[in-house]
**Q** 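This structure is in structure tokens; I'll ask about it shortly.
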There are 2 protein chains.
Amino acid sequence: MVEKNIRIKDIARLAGVSVGTVDRVLHNRGRVSPEALQKVTAVMEQIDYKPNLLARTLGSNKNYRIAAILPDPNQDPYWAQANLGITQAQLEWAQYGIQVELFLFDLLDRDSFQKTAHRVHLARPDGILIAPTFYHEALPIFELFRETDTPFVLFNTNIPEAKSLSFIGQNLHQSGRVGAELMNLGQHEKGTLAVLHIDEDIQDSVHLLEKERGFREYFKEKSKVAFDIVDFNMNPKDPSFEDQFKTLLDDKSLRGLFVSTSKGTAVAASIVEKYGRQDIRLVGYDLLEENLRYLRAGVIDFLINQNPKRQASLGISHLVNHLMFKKGTPATDLFPLEVITQQNVESYLGSGIH
Amino acid sequence: MVEKNIRIKDIARLAGVSVGTVDRVLHNRGRVSPEALQKVTAVMEQIDYKPNLLARTLGSNKNYRIAAILPDPNQDPYWAQANLGITQAQLEWAQYGIQVELFLFDLLDRDSFQKTAHRVHLARPDGILIAPTFYHEALPIFELFRETDTPFVLFNTNIPEAKSLSFIGQNLHQSGRVGAELMNLGQHEKGTLAVLHIDEDIQDSVHLLEKERGFREYFKEKSKVAFDIVDFNMNPKDPSFEDQFKTLLDDKSLRGLFVSTSKGTAVAASIVEKYGRQDIRLVGYDLLEENLRYLRAGVIDFLINQNPKRQASLGISHLVNHLMFKKGTPATDLFPLEVITQQNVESYLGSGIH
DNA sequence: TTGAAAGCGCTAACAT
DNA sequence: ATGTTAGCGCTTTCAA
């Protein structure tokens, strides 16, 4: 009736060898004769052995150190959320002997990124979670990690050439398309749509452009109304920033704003509110405290949730699965492009995943 | 540096008693002298003991049987998805000695619900996951479960009086509000909106009415355009069903349809397509195969995802946490009200959670 | 009422 | 190359 799970001991008995030998075969640790190997594999093919991961973890009794490399949470609420995910993972795994160490770099300083990564390399962790926001600086870093055979997981920004253990994040091109769809919905008068990249350092932001491409592609393909799509790179620290923005808002044909960054979304909302242009549609990113306020007030119409917190905590989980449970992890874990509105936002905040 | 986790053995040493005694205190199994109790609790207050759940589970070496009660998956694709969640949970937990048994009842037959629940009661499982779709019949069943002290978890339909271990599902009233919001978005001409309850047995569907209430409430509060909101209970098996529907679609002032069930969404979409009224907005429920086709084709505009699969698998997880890991579970686990569109649907399907 | 000890399934060190 | 064995932290039985 209740078929007991097969244990290593059972395999050993069936194959006529000892548990030690079975274990060596299972993890190909070598030092096993061809005959023994053959006998064990023969048995393994017959039965469906599923190791008890609890016992495996308990038995191996190892401690792992995982390094998490990300921008300073104090510089940006987006990264503050990612940091929360790390903290959560820290707590979750601490009791199983997993130690998560945080390595922060300056969001605006590529040099600091490099230095931090080097520090991590010297610390020789067993696994690495990294947000590789600087493309060019990241490539040689990956080389370094590979030299020491340290598994690393990318999150937030994908760099396929990295050959990382896995990537966790979203499809940015599609994200732009979702933004466009939300922008387009129910628009019936032609006019201007603006894509705003509001960031203090736009230089290397290929990922923002990826969103813009998706956004434009959607309108090329789908929209029945002829929109004029313009884009701006804006630096909120720039003294002329608000004037620039005001000029944009003065255009009576302006129908909507698509802001590609989470922090930028709040900035844009504040100005839109200030100049009373709440009739235009505002689509932006992420459940930052400030964004929530504007969403509830009706200034922001839609937020696309990138879920940095879950990205980070799942990144750690993937590393744990790999290191501790010796479980396979998916090469890419693409998160759903969650659409947040005034009416469903509370259900997201309350759902515990966030 | 790396502070080791505190173990029972450590507590025992600090309190000057044996591990057996500590264990008895921890799980108040009794048979411990006031002095011993006092010594142990004193230590416990000083330190932050977090039991190693892996070891706990491995050590206790128990097998648990969990019964899952839900409507026959063959009758409705929605329940087929819930069933997938059960299957997934079965596989996930099998290796840890958790056995999940399926008990199906006829979706349209309250008697069958009762009989099935009684069978479960006689089988004396260690835990129960149940979709209590029939309110009145469910109440005495809960009484039965409570008699044998069997923990049970509700999913899909909430019955607060049940005093269940927990409920997993969505806030239906808010779900209706989300539906209304999506319906309202960008509508600029006044007209008629129809709420459709398409079901073979509407009698007991308080939960559908809850959605309708939310829907109406939203429009009362928010909408600037004056809409006429009408509602219909329709049975697709009824010979006059299509005619009724056609009459509805012939109304040129019809602006949108809000369908409260997942299966009904596909039915409605097929008729809307057939009579070429794709200009009206269609908001429905769930990522059923058929619904996906209509969403991709642009007939359905929005789907609200109830995620039956994850509801079911999480329900099992909660029971496992309770029985095996002795972990607390949240009294209610309200899922986010996910908004699915043509542009983000693939990201949901690919994300592995679904 | 208490403590000692065996055992859960697996790992890894240690003889052989 | 192979088998034996002592743990991992916790539960649970059993003798005292």
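This one's a predicted model, so the numbers in the text were calculated from it and none came from an experiment.
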**Q** Determine: side-chain N/O of B/R56 to OP1/OP2 of D/dG9, distance under 4.0 Å, yes or no.
**A**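 Negative; the distance criterion is not met.
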**Q** Counting N and O atoms only, with roles assigned by atom type, does the side chain of A/R24 sit under 3.5 Å from a partner on the main chain of A/L37, one being a donor and the other an acceptor?
**A**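 No, the answer is negative, given that no donor and acceptor are paired below the 3.5 Å cut-off.
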**Q** Return yes if some donor-acceptor pair links the side-chain N/O of A/Q170 with the main-chain N/O of A/N305 below 3.5 Å, else return no.
**A**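 The answer is yes, because a donor-acceptor pair under 3.5 Å joins these two groups.
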**Q** For the pair made of OH in A/Y96 and P in C/dT11, what is the distance, rounded to whole Å?
**A** 18 Å
**Q** What's the closest nucleotide to the side chain of B/R24 if the choices are D/dT13, C/dT11, D/dT11?
**A** D/dT13
**Q** Atom CZ of B/R31 and atom C1' of D/dC14: how far apart are they, to the nearest Å?
**A** 10 Å
**Q** Grab the CD1-C1' distance between B/I6 and D/dG9 for me, whole Å please.
**A** 14 Å
**Q** Could you give the CZ-to-P distance, from B/F325 to D/dG9, as a whole number of Å?
**A**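 For the pair B/F325 CZ and D/dG9 P, the rounded distance is 17 Å.
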**Q** Whether A/R310 engages the ring of A/F335 as a cation-pi pair (distance to the six-membered ring centre under 6.0 angstrom, angle to the ring normal within 45°) should be assessed.
**A**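 Yes, a cation-pi geometry holds between A/R310 and A/F335.
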**Q** So what does B/R7 touch, heavy atoms closer than 4.0 Å: a base, only the sugar-phosphate, or nothing?
**A** sugar-phosphate
**Q** Would you find a donor on one side and an acceptor on the other, under 3.5 Å apart, between the side chain of A/E137 and the backbone of A/F113?
**A**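 Pair absent, no side-chain N/O of A/E137 close to backbone of A/F113.
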**Q** Among C/dA12, D/dC8, D/dA1, which nucleotide sits nearest the side chain of B/K9?
**A**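 For the B/K9 side chain, the nearest candidate turns out to be D/dC8.
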**Q** Take atom CG of B/N5 and atom P of D/dC10, then tell me their distance rounded to the nearest Å.
**A** 8 Å
**Q** Tell me whether the count of non-hydrogen atoms from other residues, nucleotides or ligands lying under 6.0 Å of NZ in B/K326 goes above 12.
**A** yes
**Q** I need the CE-P distance between A/M324 and D/dC8, as an integer number of Å.
**A** 14 Å
**Q** Please confirm whether the backbone N or O of A/I98 pairs with a side-chain atom of A/Q90, one donor and one acceptor, at under 3.5 Å?
**A** no
**Q** Using only side-chain N and O atoms of B/S18, determine if any of them is under 4.0 Å from OP1 or OP2 of C/dG3.
**A**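 It does, given that an N or O in the side chain of B/S18 lies less than 4.0 Å from OP1 or OP2 of C/dG3.
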**Q** Check the distance between C/dA6's P and B/D23's CG and give it to me in whole angstrom.
**A**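 In whole Å, C/dA6 P and B/D23 CG are 18 Å from each other.
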**Q** Rounded to whole angstroms, how far apart are CG on B/N28 and P on D/dT12?
**A**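 To the nearest whole Å, that distance equals 14 Å.
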**Q** Is there a residue in residues 43-53 of chain A whose heavy atoms reach under 4.0 Å of DNA chain D, and which residues are they?
**A** none
**Q** Aromatic contact between B/F152 and B/F142, with the criterion being ring centroids under 6.0 Å apart: yes or no?
**A**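 Yes, the ring centres sit under 6.0 Å apart.
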**Q** Sub-3.5 Å donor-acceptor pair from the side chain of B/N28 to the main-chain atoms of B/G30, do we have one?
**A** no
**Q** Quantify the bending of the helix from C/dT1-D/dA16 to C/dT16-D/dA1 as the angle between its end axes, each fitted on five pairs, to 10°.
**A**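 Computed from the C1' atoms at both ends, the axes differ by 50°.
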**Q** Check the phosphate of D/dG3 against A/T21, side-chain N and O only, distance under 4.0 Å to OP1 or OP2. Yes or no?
**A**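 For D/dG3, OP1/OP2 do have a side-chain N/O of A/T21 under 4.0 Å.
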**Q** Assess whether atom NZ of A/K327 is packed by more than 12 heavy atoms of other residues, nucleotides or ligands within 6.0 Å.
**A**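 No, the 6.0 Å shell around NZ holds no more than 12 heavy atoms from other groups.
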**Q** For A/R65, does its backbone N or O pair with a side-chain atom of A/E101 as donor and acceptor, under 3.5 Å?
**A**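 Checked: no pair found.
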**Q** Does the pair A/D23/A/R29 count as a salt bridge with the N-to-O cut at 4.0 Å?
**A**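 Yes, this pair counts.
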**Q** May I ask you to evaluate whether A/S33 reaches the phosphate of D/dT2, defined as a side-chain N or O under 4.0 Å from OP1 or OP2?
**A**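 True: A/S33 side-chain N/O within range (under 4.0 Å) of D/dT2 OP1/OP2.
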**Q** Is the phosphate of D/dT12, meaning OP1 or OP2, less than 4.0 Å from a side-chain N or O of B/R29?
**A** yes
**Q** Between D/dT2, C/dC8, D/dC8, spot the one nearest the side chain of A/L58, thanks.
**A** D/dC8
**Q** Does a side-chain N or O of B/K62 approach OP1 or OP2 of C/dC8 to a distance below 4.0 Å, or not?
**A** no
**Q** Nearest of C/dG3, C/dT2, D/dC10 to any side-chain atom of B/V17?
**A**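 Looking only at heavy atoms from C-beta outward on B/V17, the closest nucleotide is C/dG3.
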**Q** Over all strands shown, is A/V19 touching base, sugar-phosphate only, or nothing at heavy-atom distances under 4.0 angstrom?
**A** base
**Q** Judged by each residue's nearest nucleotide on DNA chain C, which is more toward the 5′ side, B/A36 or B/N61?
**A** B/A36
**Q** How do B/G59 and B/G16 order along DNA chain C: which one's closest nucleotide is nearer the 5' end?
**A**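 Nearest nucleotide further toward 5': that of B/G16.
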